[in-house]
There are 2 protein chains.
Amino acid sequence: MKTAARRLAVAKSPAPPVAGAPLRLESDYVLEQHIGHLLRRSHQRHVANFEKGLGALDLTPTQFAALAKIGERGEVSQNLLGRQTAMDPATIQGVIQRLMARNLIERRADPSDRRATLLRLTPAGLALTQNAIVKVEAVSQTTLAPLDARERAALALLLQKLSGLA
Amino acid sequence: MKTAARRLAVAKSPAPPVAGAPLRLESDYVLEQHIGHLLRRSHQRHVANFEKGLGALDLTPTQFAALAKIGERGEVSQNLLGRQTAMDPATIQGVIQRLMARNLIERRADPSDRRATLLRLTPAGLALTQNAIVKVEAVSQTTLAPLDARERAALALLLQKLSGLA
DNA sequence: CGAGAAACGTACGCACACAAACAAAGCCTC
DNA sequence: GAGGCTTTGTTTGTGTGCGTACGTTTCTCG
């Protein structure tokens, strides 16, 4: 009912808003060729592959990045982790909370800096991360499937330049 | 107070959760070299440039994509627009609502298919989109600044392959 | 023709992602 | 050593982005 009512409300506007031929851009802007759109679509496709490929583990790309980085460093502050994984303090906050709720990481106050919080993996988190790393390799292969070896290397280099990592 | 209380609650766990040396991954996984991370960071950087560059217009990349596509086609259904801009039906919904709330687009029922809704630009929407297109070109230049002309062409081609557009 | 399948839009919930504003703790300089 | 700046983490608000479920309408096929 609600739906029908709303649609009627929209449809009942007779002439004022919609008069003649639709307005068009005169410029021939091609969305599909623009770097932003291409980056967005490529990233989108990879994220979809990721969530397919890790299905049972129930990890998002950002959650995985956080786990991998903590596991690499042993123990990191929340803030440093954010910088290393390119996440806002506000963003990392939610990620940490969700990982902690699943008992994959634990935190303690930094004894030498009472502002900071140190993060480390739990045994469960370590096991899950090891497991995930294997599957993530497969996901990367899926994402990169349209490219041959030379193209893959070229793309990696270009993206590193683009994102300021090279 | 709330903050202090929470921090104490965390800090008061004495030994059980945090015992000895932190757990580490034995594998030498390098987050920074993986395609997903590179795509994420590159996209992230571009979005930041975009929001800087369009500042006053107050458009997000997706909102701009929707406007540009509507302006190119004259009048499109919401669903088709979603496919053309690579957005979920659920995602395009919110975008449309926000653009409509700002009176940049308007909608009417499709006379030949009562399930569908047709979208078109308002005069204000057309003017804003024309204006935005110019600025978006500049944003793309900013994003691509680390690359020379040959690299830009190569990157565009690779991303088109990667996202299924070529 | 009529039932089932498919398409369109909507609604809700979860997870990023960032800006802005804030409190607490540390640093730094005069 | 005291005031000011910075750093760390939190909270709130807005905007994507998708899964899922839903109601309506259209299409398709027997």
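Throughout, protein chains are lettered first and strands after them, A, B, ... in sequence-line order, and every chain is numbered starting at 1. Nothing here was measured: the structure is a model prediction, and the numbers come from that model. Scope of the values below: all heavy atoms of this structure, side chains included, with no hydrogens, waters or symmetry mates.
Every residue two or more places apart in sequence or in another chain that forms a side chain to side chain contact (heavy atoms under 4.5 Å, CB included) with B/His37 is listed here: B/Leu31, B/Arg40, B/Arg41. Legend: residues meeting side-chain hydrogen bond (donor to acceptor under 3.5 Å, both in side chains) with A/Arg83, ordered by chain and number and at least two apart, are A/Asn79. Every salt bridge (Lys or Arg N to Asp or Glu O under 4.0 Å) that B/Asp113 has, sequence neighbours left out, goes to B/Arg115. A/Pro111 meets the side chain to side chain contact (heavy atoms under 4.5 Å, CB included) test with A/Arg108, A/Leu118; sequence neighbours excluded. Residues that satisfy the side chain to side chain contact (heavy atoms under 4.5 Å, CB included) test with B/Thr91, not counting sequence neighbours, are B/Met87, B/Asp88. A search for side-chain hydrogen bond (donor to acceptor under 3.5 Å, both in side chains) contacts involving A/Thr142 returns nothing, not counting sequence neighbours.
One interatomic measurement links the two molecules: CG of B/Leu118 to C1' of C/dG9, which rounds to 13 Å at whole-angstrom precision. For B/Phe50 and C/dC18, the CZ to P distance is 16 Å, given to the nearest whole Å. The distance from atom CD1 of A/Ile92 to atom P of D/dT8 is 13 Å, rounded to the nearest whole Å. Summarising the geometry, the separation between CZ on A/Arg107 and P on D/dT8 is reported as 15 Å, rounded to the nearest angstrom. One interatomic measurement links the two molecules: CG of A/Leu99 to C1' of C/dC16, which rounds to 13 Å at whole-angstrom precision. Remark: C1' of D/dT8 and CG of A/Leu119 are 12 Å apart, rounded to the nearest angstrom. Separating the CG atom of B/Leu81 from the P atom of C/dT10 is a distance of 13 Å, rounded to the nearest angstrom. Put simply, CD on A/Gln78 is 5 Å from P on D/dG9, counting in whole angstrom units.
Not one side-chain nitrogen or oxygen of B/Gln93 sits closer than 4.0 Å to the OP1 or OP2 atom of C/dG9. OP1 or OP2 of D/dT8 has not a single side-chain nitrogen or oxygen of A/Arg114 nearer than 4.0 Å.
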Run the side-chain donor-acceptor check on residues 151-166 of chain B: report pairs under 3.5 Å with partners two or more places apart or on a different chain.
unit_1	atom_1	unit_2	atom_2	d
B/Glu151	OE1	B/Asp148	N	2.9
B/Glu151	OE2	A/Lys161	NZ	2.5
B/Arg152	NE	B/Leu144	O	3.4
B/Arg152	NE	B/Leu147	O	3.0
B/Arg152	NH1	B/Gln141	OE1	2.9
B/Arg152	NH2	B/Leu144	O	3.1
B/Arg152	NH2	B/Leu147	O	3.2
B/Lys161	NZ	A/Glu151	OE2	2.5
B/Ser163	OG	B/Leu159	O	2.8

Under 3.5 Å donor-acceptor pairs involving side-chain atoms of residues 130-140 of chain B, not counting sequence neighbours:
unit_1	atom_1	unit_2	atom_2	d
B/Gln130	NE2	A/Glu26	OE1	2.9
B/Glu137	OE2	A/His34	NE2	3.3
B/Ser140	OG	B/Val136	O	3.3

Identify each atom pair where a protein N or O and an N or O of nucleotides 3-7 of chain C are less than 3.5 Å apart, giving names and distance.
unit_1	atom_1	unit_2	atom_2	d
C/dA7	N3	B/Arg115	NH1	3.3

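Using cut-offs of 30° and 60° on the angle between ring planes, the pair A/His43 and B/His43 is tilted.
The shortest heavy-atom contact between A/Ile70 and A/Arg120 is CG2-CA, 3.6 Å.
Contacts classified as salt bridge (Lys or Arg N to Asp or Glu O under 4.0 Å) and involving residues 51-71 of chain A (residues at least two apart or in different chains) are given here: A/Lys69-A/Glu72, A/Lys69-B/Glu32.
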Letter by letter from the 5' end, nucleotides 13-19 of chain D scores (B base, S sugar-phosphate only, - none; protein heavy atoms under 4.0 Å) --SBBBB
Could you spell out the base pairing of DNA chain D in dot-bracket, with Watson-Crick or G-U pairs whose two distances are under 3.5 Å, [ ] crossing and | to another strand? ||||||||||||||||||||||||||||||
